[in-house]
Amino acid sequence: MRMQDLYPDMRLELATKHFSAEDIIRFARRFDGQPFHIDAEAARSSLFGGLCASGWHTCALWMRSFLDFWKEECRRLEERGIAPPKLGPSPGFRDLRWLRPVYAGDDITYFVTLKASRDLSSRPGWIMNTILCEGANQSGDLVVRFESTVLEFS
């Protein structure tokens, strides 16, 4: 079974993640210590007007959401007697856009859409999948969007 057979152009909802002020600050202190990510008062005076998550934080939670989704999806397929595709790693991504700030208190719902699959002629049994990765806030506004490639093995 190939990903393209399971999910042709389907936008799949992965999960919804809550961004608390504490989580935003914790992540930023470790990985992106800009004032508007670690200090609510400084953030109010910034161009964002409030404490907001690092774009890398929003991407990291997309990845966590995808991995959790895929683990559950593999279990579900196996229960139905379907061998799930083996995925990973990703050779990269492109066109990453942080479209809107993710503020403390926001809930971001993450999605994945399989856009294309192609066999790799240099590696029989290997497939290169192109996926669209997105996150939208509680108002339905996209906050992050990027395209990624993911290897699939038979």
Side-chain angles (χ1 to χ4, degrees), residues 1 3-4 6-80 82 84-117 127-153:
M1 181 70 46
M3 268 189 80
Q4 71 180 20
L6 289 169
Y7 318 105
D9 281 321
M10 293 173 60
R11 186 180 196 219
L12 302 172
E13 185 174 318
L14 302 176
T16 299
K17 300 292 185 183
H18 181 73
F19 283 76
S20 70
E22 296 79 16
D23 290 337
I24 289 171
I25 292 167
R26 185 179 313 110
F27 182 94
R29 280 192 176 138
R30 291 193 64 202
F31 303 110
D32 189 353
Q34 298 180 75
F36 41 82
H37 298 321
I38 60 172
D39 181 330
E41 186 59 39
R44 278 192 278 286
S45 305
S46 76
L47 64 112
F48 296 113
L51 187 68
C52 61
S54 166
W56 298 113
H57 189 179
T58 64
C59 288
L61 287 183
W62 181 92
M63 190 70 212
R64 176 79 270 153
S65 297
F66 180 78
L67 291 174
D68 292 346
F69 165 83
W70 190 246
K71 182 179 178 182
E72 181 59 26
E73 186 65 358
C74 287
R75 186 195 62 71
R76 186 186 71 76
L77 290 169
E78 288 167 350
E79 283 180 356
R80 294 178 55 208
I82 300 170
K86 296 178 183 114
L87 301 181
S90 169
F93 65 93
R94 66 186 191 119
D95 206 21
L96 170 61
R97 297 186 190 268
W98 292 304
L99 302 164
R100 293 187 186 325
V102 173
Y103 291 103
D106 280 353
D107 294 310
I108 304 304
T109 301
Y110 291 104
F111 303 91
V112 64
T113 306
L114 178 64
K115 299 308 287 179
S117 291
I127 299 159
M128 182 67 70
N129 294 303
T130 301
I131 57 175
L132 178 63
C133 311
E134 298 173 300
N137 65 19
Q138 62 276 357
S139 299
D141 299 319
L142 285 179
V143 298
V144 64
R145 181 184 186 128
F146 60 97
E147 192 174 275
S148 182
T149 49
V150 178
L151 290 170
E152 180 178 330
F153 306 86

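If you read the sequence from its start, that first residue is 1, and numbering goes on from there.
Contact record, Ile38 with Leu51: N-CD1, 4.0 Å, taken as the closest heavy-atom pair. In terms of heavy-atom proximity, Pro85 sits nearest to Glu152 at CB-OE2, 3.5 Å. Minimum interatomic distance between Val102 and Ile24 (heavy atoms only, all atoms of both residues): O-CD1, 4.3 Å. Closest approach of Thr130 to Thr149, counting heavy atoms only: OG1-CG2, 4.0 Å. Counting all heavy atoms, side chain and backbone alike, Ser148 lies closest to Gly92 at OG-O, 3.5 Å. Of all heavy-atom pairs spanning Pro101 and Asp106, the tightest one is O-OD2, 4.0 Å.
Side-chain contact between Val150 and Ile131 is present, with heavy atoms from C-beta onward closer than 4.5 Å. Val144 places a side-chain heavy atom less than 4.5 Å from the side chain of Trp98. For the pair Leu87 and Phe66, the minimum side-chain heavy-atom distance is below 4.5 Å. Counting heavy atoms from C-beta outward, Glu13 and Thr109 have side chains that approach closer than 4.5 Å. Met128 has its side chain within reach of Pro91: a pair of non-hydrogen atoms, C-beta onward, lies under 4.5 Å apart.
Rounded to the nearest 0.5 Å, atoms CG (Leu61) and NZ (Lys17) are 6.5 Å apart. Between the CD atom in Glu134 and the CD atom in Glu147 there is a gap of 11.0 Å [rounded to 0.5 Å]. Expressed to the nearest 0.5 Å, how far CG of Leu12 lies from OG of Ser65 amounts to 13.0 Å. Taken from CD1 in Ile108 to NE2 in His18, the straight-line distance is 10.5 Å, to the nearest 0.5 Å. From Cys52, atom SG reaches atom NE2 of His57 across 11.5 Å, with rounding to the nearest 0.5 Å. Rounding to the nearest 0.5 Å places CZ of Arg64 at 12.0 Å from CG of Leu14.
At least one donor-acceptor pair under 3.5 Å links the side chain of Trp62 to the backbone N or O of Phe111. The backbone N or O of Ile25 lies less than 3.5 Å from no partner atom in the side chain of His37, so there is not a single donor-acceptor pair. Counting only distance, with no hydrogens or angles, the side chain of Tyr103 and the backbone of Phe48 share a donor-acceptor pair below 3.5 Å. With Ser139 contributing its side chain and Asp141 its backbone, the two residues share no donor-acceptor pair below 3.5 Å. For Tyr110 (side chain) and Met63 (main-chain N/O), no donor-acceptor pair under 3.5 Å exists by modelled atom type.
Arg76 has no carboxylate O lying under 4.0 Å from a charged side-chain N of Glu72, or vice versa, which leaves the two without a salt bridge. Salt bridge Lys71/Asp68: absent, no basic N to carboxylate O contact under 4.0 Å.
Counting non-hydrogen atoms of neighbouring residues, nucleotides and ligands closer than 6.0 angstrom, the CZ atom of Arg75 exceeds 12 such neighbours.
Among Asp95, Leu99, Leu96, the one residue that satisfies the side-chain contact (heavy atoms from CB on, under 4.5 Å) test with Arg145 is Leu99.
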